[in-house]
Amino acid sequence: MSKQKQSEGQTSVNNPADATLKSGKKRKRAAPKLEAGPLKGFAGKVTKFNEDDSIVAAPAEIHKEPVIDIAVTGYHSHEAEERSKRSQDQTSAKSVPKLRHRKTRPADTNAGVIKQPDYPRANKSREAVPPHLLKKRDALLPIRKSLPIWPQADTIKSSLKKNNILVLTGETGSGKSTQVPQFLASEPWCTKCIAITQPRRVAAISLARRVAEEMGTFMGGQSPAAKVGYSVRFDNATGPGTKIKFLTEGMLLQEMLRDPVMSQYSAIVVDEVHERSVNVDLILGFLKNLVEQMENGGSSKRKDPLKVVVMSATADVESLVKFFEDSRAPSSSALNAQIERRISTCFVEGRQYPVKTTYLPEPTQDWVESALKIIFQLHYKEPLPGDVLVFLTGQDAIEGLEKLVNDYAEGMDKDLLALPLFAALPQHAQQRIFQSTPFRTRKVILATNIAETSVTVPGVRYVIDCGKSKIKQFRNRLGLESLLVKPISRSAAIQRQGRAGREAAGQCYRLYTEEGFKTMDERTTPEILRCDLSQALLTMKARGVHDVLNFPFLDRPPREALEKALLQLLHLQALSDDGSISDVGLKIAKFPLTPTLGRVLVEAAKPERDCLLDVIDIISALSVENVFLNLVTEERKEEAEEARREIYRREGDHLTLLVTVQRYAEEQTDRKVWCEKHFVSHRAMQNVMNIRKQLQQQCTQLKLLSPDDDQSSSAPSEARSQAILQSVLRGFISNTARLMPDGSYKTLIGNQIVAIHPSSVLFGRKVEAIVFNEFVFTGKAWARGVSAVQLDWVSEVVESVM
DNA sequence: GAGCACTGC
C-alpha cells in the first residue's frame, strides 16, 4: 500500500469502492479460517461470513474506536474546509495570519477555538442536499443493512414504544453506536433531539461524521439543515437542525447542570457503559431519577417522556436492569412501591474473528523476557502479514523491550520493527504505528492500555498480554493517590485478546497461567470506587441531589469515602454547614476544574485578592501535564536550565508557570520557536491557551470578571504574588507542609513527611512552609508543583477552616 | 537528583 493511502487512515474505509478493494484481498486470507471462537464469553460467535459481511466487518468499528485524530483526507470539499479550520486551531501561531494576531489582545490570540456555530455556506447549502451526499448515503445503505444490529431495528423501536428504558448489549462490531440513533430518529415520540454519549472526544467526532454520511446530511455547523452534530470541549459542531448529537459524557453532565430535565432531548443513549467512568455512573443515576420523576407525572418544565437507551459491550445486563428496576427505598410512599418499571433488553451479536489463546505453563516475573521470546518465535513461525501487539505496564518496560527487540532484530534480518505506543509519546511518534513498513517487515507495537480502548492499531493478528496494568488508587485515609501495578481483570484480558481478531483470525499469548486467569477479578473495579469523590459529589449537589449518601449508585462507594469528600467540600466552603450547596459551591461546580482549583479561582476573584487573571493563567497551566519538556541527557538538561532561567521564579512553581503563560501569550512572532528556545511543550501550551480562554469566558459569565478587565502582562508585584499564593492556599490547605528542624517537610494536616520533587524550581531549597499542587507516592512521598509560603498565612487559613 | 496507566469538562 502506498504511503499516501496509509496516511488516509480512516478514510479508506469510508470509501465503499476502496473498502471493496481492500476487503477483497482480506476475504481471500480470512475466509477459510472462519469458525466459531474457541473461548466462552468471547465474541467469536459468527459462523458465517458472506461476501457482504466480510466487506463490512470493520468499518463501523473502525469508526467507533478511531485512531488518534488523524486528519481525514478529503472527499467532500466542505469536509476539507471544516478540517482545515480545525487544524488551524491546533497548529502553531505561525500559521495564524499575523494581521489577526496583532489586532487581538494576548487573551484572545487563540481566537476561534471555541467554535460558535456560524453558517458561512448557509445560502448555498440551504437550497438542497448536494447529490454527492445522497450518493454516498445510498452507497452506505447495503453496508448498514448487513450489520448484526440491522435485523433488530423493529425490536428496538417497539420496545421503546412500550417502555422508557432499554438495556442493549452489543458486542464489538455490532454497529450499535451508529445505527441505534438512526433507528430512533424517525420514531413518532422522537420530536426533539437524540443525545449519544461517548467516553472519548475522538469517538464522538468520528461517529458523528460517519452517521452524517450514512444519513446523507451535513455535519454540525456546516449548514442549518445539518441533522447530525457533535459537542466536545472546545469544539461544538451543532446547529438548529441537529437531530442526532454525539457528545462526551462530561459535556452531557454540564448540560444536565444547566437543564436538569434535559428539555431539548427526546432520548438519551448512553454508550460504552461497561467502561464505567465516574461520569457515566453519575449520568445513569441522574437519568434513573429523571425517568422516575417523569413516570410520576413529570414536572412543570417537562411533560413528555424521556427515553433512555443504555448500551454496554459486556453482558452485565442483569445489574443494569436491576439498577433501573429498583424503585426508591422501601420506606418511601406506597405510590412508589406500586410502580413496577419494566425495562426492555436486547442482545446483539458482535462480529469478530476467532482468536486462539495460549497460556504460560508456569507463572513468570519477567514479562519482558517472555515477551521477547514469543515475539521472535512468532516472527519465524508465522507468515506475513500480521503485526504483533504487546500490552505492557508503562514507559519503562516499553522502552526496555523496544531496545531488546531492535537489537536482536539488527543481528538477524532487519525485518522486525518495534514501535512504542503510550499517551505521553509525542503525536508524531504515535502516528508511526499507522505508517507502512518496508516490504516484508513485521511491526511489533509495544503499548500501554492505551491500545485497549483509545487507539485501534491496524494489522494486528498476534497479541501478547502481560496481564498487568498501572492503576491509580485514591487512599482515603491518607488522602493521596498512588499509581500501582496490578493484575488486570478477566474482562480487560478478553478485551486485549480481542485486539488480535479484528481483521482476521488471530492468536493471543498470555504471559500468565490459565490458573492465573481464573483468579483475576471478573471486572475492572469501577473508577468511582477508587477515586477522590469530591468533584462527583459537588456535581450531584449542584444538580439538586441533596442526599448524596442515598444517590442511586450503580456501585456504592464506601461510606468513608463519601464522608471524606463531603468534609473536603465543607472545608472549601462549597457546602454550608447543613450540607446544602453554597453560592461558592455553585460557582465551583460550573468550572471544568477539581473543587480545589475551582476554590482557588473563586478566592482570587475576591476584591481583597484581585488577582483572578493571573490565577487563571496558573490554573490553566496546572490543568495540562508537563508544560516543561522532560529532557534525557545531562547536556540538554543544563541547556534547558540556562534557557529557562529568565522564566523561573524563586517563589516557586506557581509563579514560574504564570510567567511562562504570560510570556507565551505575549509572543507575537512565533510561539513555536519561543517554546523550542525555552524547552517548553508547544502542544501543552496550545492546550493551556484553550483552557485559559474558556475559564476567562466562564468567569465573565459568572460576573467574577468584567469584560473590560485588563489582561495583566507584567510580572506580578510582590503584593500581587502574595495575593496569588494566598488564593492558592485557600484551595490547597491540606497540601501544605512546614520545614522541620532536621530539614525535612511535614504536612500540617496528617503529619506526613514529604520531599520537594526534583522537577520543582524549589528543589533543594529550605523555606519555612510550602504549598503544593500534587502529592505523589512513588517509593517516596513527593510534593510536586511547589511554592514557598509564610507559615502565618497557612495558620490563618487553617484556623478559618477548623 | 526522580520518573508518570488512561480519559474528560
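Order of the sequence lines sets the chain letters (A, B, ...), proteins ahead of strands, with each chain counted from 1.
Between the CZ atom of A/F246 and the P atom of B/dG8 there is a distance of 16 Å, rounded to whole Å. Between A/F763 atom CZ and B/dA2 atom C1' the separation is 8 Å, expressed in whole Å. When the P atom of B/dA5 is taken as reference, atom CZ of A/R530 falls 15 Å away, rounded to whole Å. Distance, A/H274 NE2 to B/dC6 P: 18 Å, rounded to whole Å. Straight-line distance from the CD atom of A/Q198 to the C1' atom of B/dC9: 16 Å, rounded to whole Å. A straight line from CZ of A/R276 to C1' of B/dC6 spans 17 Å, rounded to a whole angstrom. Whole-Å rounding puts the A/L538 CG to B/dG8 P distance at 22 Å. Regarding A/Q697, its CD atom lies at a distance of 15 Å from the P atom of B/dC9, rounded to whole Å.
For the side chain to side chain donor-acceptor pair (under 3.5 Å) condition, the pairs that include at least one residue of residues 529-538 of chain A, sequence neighbours left out, are A/D532-A/S534.
In this structure, of B/dT7, B/dG1, B/dC9, it is B/dG1 that holds the atom nearest to the side chain of A/P758. Taking every side-chain heavy atom of A/Q535 into account, B/dG8 is the closest of B/dG1, B/dG8, B/dT7. The side chain of A/N626 has B/dC4 as its nearest neighbour among B/dC6, B/dG8, B/dC4. Checked against B/dT7, B/dC9, B/dA5, the side chain of A/I450 finds its nearest nucleotide in B/dT7. For A/T448, taking side-chain heavy atoms from C-beta onward, the closest of the listed nucleotides B/dA5, B/dC9, B/dA2 is B/dA5. Taking every side-chain heavy atom of A/H757 into account, B/dA2 is the closest of B/dC6, B/dA2, B/dC9. Distance from the side chain of A/N449 is smallest for B/dC6 among the nucleotides B/dC9, B/dA2, B/dC6.
Both tests pass for A/R543 against the ring of A/F286: distance under 6.0 Å to the centre and angle within 45° of the axis.
Here A/R784 lies in heavy-atom contact (under 4.0 Å) with a base. Heavy atoms of A/Q395 sit under 4.0 angstrom from primed sugar atoms or phosphate atoms, though from no base atom. The residue A/N279 sits apart from the nucleic acid: no heavy atom pair falls under 4.0 Å. A/S469 comes within contact range of no nucleotide atom at all, as no heavy-atom separation falls under 4.0 Å. At a threshold of 4.0 angstrom between heavy atoms, the contacts of A/V278 with the nucleic acid are absent.
Looking at A/N735, its side chain does come within 3.5 Å of a backbone N or O of A/F772 through a donor-acceptor pair.
Here A/T539 pairs with nothing under the side-chain hydrogen bond (donor to acceptor under 3.5 Å, both in side chains) rule; sequence neighbours left out. Residues forming a side-chain hydrogen bond (donor to acceptor under 3.5 Å, both in side chains) with A/S787 (at least two apart in sequence, or on another chain): A/H654. Under the rule for a side chain to side chain contact (heavy atoms under 4.5 Å, CB included), the partners of A/A781 that lie at least two apart in sequence or sit in another chain are A/Q752, A/V754, A/F775, A/F777. When the side-chain hydrogen bond (donor to acceptor under 3.5 Å, both in side chains) test is applied to A/R258, no partner is found at least two apart in sequence or on another chain.
For the segment residues 596-605 of chain A, the set of residues with a heavy atom within less than 4.0 Å of an atom of DNA chain B is empty.
A salt bridge links A/R599 with A/E603: the distance from a Lys NZ or Arg NE/NH1/NH2 to an Asp or Glu carboxylate oxygen falls below 4.0 Å.
At the phosphate of B/dC9, OP1 or OP2 sits under 4.0 Å from a side-chain N or O atom of A/T248.
Both A/K472 and A/F591 sit near DNA chain B, but only A/K472 has its closest nucleotide nearer the 5' end.
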